[in-house]
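Each remark here refers to the structure printed beneath this line.
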Amino acid sequence: MSDTNTPDTAPATPRFSDFGLAPEIQRALSDQGYTIPTPIQAQAIPVVLQGRDVMGAAQTGTGKTAGFSLPMIQQLLAHASTSMSPARHPVRGLILTPTRELAVQVAENVAAYSRHTPLRSCVVFGGMDMKPQTEALRRGVEIVIATPGRLLDHVEQKNVNLGQVQMLVMDEADRMLDMGFLPDLQRIINLLPKKRQNLMFSATFSGEIKKLANSFLTDPVTIEVARSNATADRVTQVVYKVGEEDKRDVVAHLIRKHELKQVIVFSNTKIGASRLARSLEQDGIKALAIHGDRTQQERMAALDAFKKGEIEVLVATDVAARGLDISDLPCVINYDLPYNAEDYVHRIGRTGRAGASGDAMSIYTDSDERLLVDIEKLIKQTITRGQLEGFEPPRRSRDASDRGERRRGRSDEVRADRSGGFDRGERPERSERPDRSERSDRGERRPAPLRREKVDPWFLKPYEPTQPAEPKAEQTVAPRSAIKAGKRPVAALLGGLPKA
DNA sequence: AAAAAAC
């Protein structure tokens, strides 16, 4: 009788060694010092190894990346080729993510877990030169991690063939829907073999997500861990009511007072994020902004500097609310309350991870009261109203000029936000890091693009029930114009694309 | 109302 014998009702804590993973994978895990799987890993790995489709409700920080990539590597290892020939390395595992940063992080994990195996992987995303990605794809890879748009680009250029994909992972599926990726997802799925294993992960379990799961997954096993506000239980939350004109100074005050060395500050707008980062720098706090108007290089440099501790503050839009795996963050600050209450949960989910405690401080103004009520309704708790101790609003009304550019910039803010950028010489000269809109990669100036022309694919909503149509057998790519021009409702897109 | 993602 072994001493590990335990009753069925109380199974022993599983270990990675219990899953029957290949020795090469186990070696990679011990390289990283991992022995005990997280709850989602313990649930997902055996199910995926059985070949079942999975609908996983899990936030980032629960370890879901390993939850799908470990069994994926194991499955693909079964027919792994050691040949150098690209033809012997068809893409068999495909992982789709909503943001570029998330794609990079997932790819880093996959590379680490597969390092002792002959499997090759690469990451493919927009904002970067196609060429290195093309070369990697042409050399032959078993696993591709991609954002949808760039992947389709590569497919159209025949850099990659998805006709042999056995496993598809849709990470942060809810986010992909929010971002209007459904048509792209549909087009990608039409390129895959009908017989394949599908894994879908989502932080939320909305009706739309269920519909998506119904149309893309076959008899899925549902795995659910840590409901969305469970994360918040370990996070101490506090809100401070402040005057609109004091917001930036209050952020600087909070950072100094709590001696924060690693904090993400969330802003609702790109321009607000850039301005706040600049303002903090002027106050002697090392900060960089990360948002969608910065070049990919700038985004990666900011993230890198933050992870290395070279800067104390990462000022981010919701590009970083989900997915970014920045571990051990003791604190996040909301410079703006998010318009979407669910985003609040995602933002504060950056802290209090993996059992650690965390702090989430938010500042809000009179006009944000309703947002605060919505948030409290969602998380089903009242957030402590904090008193700002020791904060002295600077006397700025008497002589604004001695406070420099940023005071003057404030009156420009509304105009700049409305016009989508500084396109009439309103930019403060002091900026050392001009926005990408003003600069080409070669460094010369060019006019800012007219952002107003960007249109959200709002017409893809609302979601309507659908009868899934026959999946198409052909491997051709429907032109995107067919989707854009059609303005078809989501239901129609789920039912298959129009013939080109 | 805003953000993200392909050129």
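Residue numbers start from 1 in every chain, and the chains themselves are labelled A, B, ... in the order their sequence lines are given, proteins ahead of strands.
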Once you round it to whole Å, what is the distance between P of B/dA2 and CZ of A/R175? 16 Å
Side chain of A/K270 only, heavy atoms from C-beta on: which candidate in B/dA2, B/dA4, B/dA6 is closest? B/dA4
Nearest whole angstrom, please: distance from the C1' of B/dA5 to the CG of A/D178. 13 Å
According to a strict under-4.0 Å criterion, is A/R100 in side-chain N/O contact with OP1 or OP2 of B/dA5? yes
Let me know the distance between CG of A/L337 and C1' of B/dA1, rounded to the nearest Å. 14 Å
Is the distance from the ring center of A/F266 to that of A/Y335 below 6.0 Å? no
Would you say A/R294 places a side-chain N or O within less than 4.0 Å of OP1 or OP2 belonging to B/dA4? no
CD1 (A/I145) and CG (A/L102) are apart, to the nearest 0.5 Å, by 10.5 Å
Per atom distances to the A/T99 side chain, the nearest of B/dA2, B/dA4, B/dA6 is B/dA4
Does any N or O in the side chain of A/R248 come within less than 3.5 Å of the main-chain N or O of A/D246, such that one atom is a donor and the other an acceptor? no
In whole angstroms, how far is the P atom of B/dA2 from the OH atom of A/Y344? 22 Å
Just the rounded figure in Å: distance from P of B/dA5 to NE2 of A/H154. 15 Å
Check the phosphate of B/dA4 against A/T147, side-chain N and O only, distance under 4.0 Å to OP1 or OP2. Yes or no? no
Go through it in stages, so that I can follow the logic: the residues are A/Q237 and A/Y344, the test is side chain to side chain donor-acceptor pair (under 3.5 Å), and I'd like the CA-CA distance, side-chain angles, deciding distance and then a yes or no. CA-CA 11 Å; A/Q237 300 169 67; A/Y344 177 83; 2.6 Å; yes
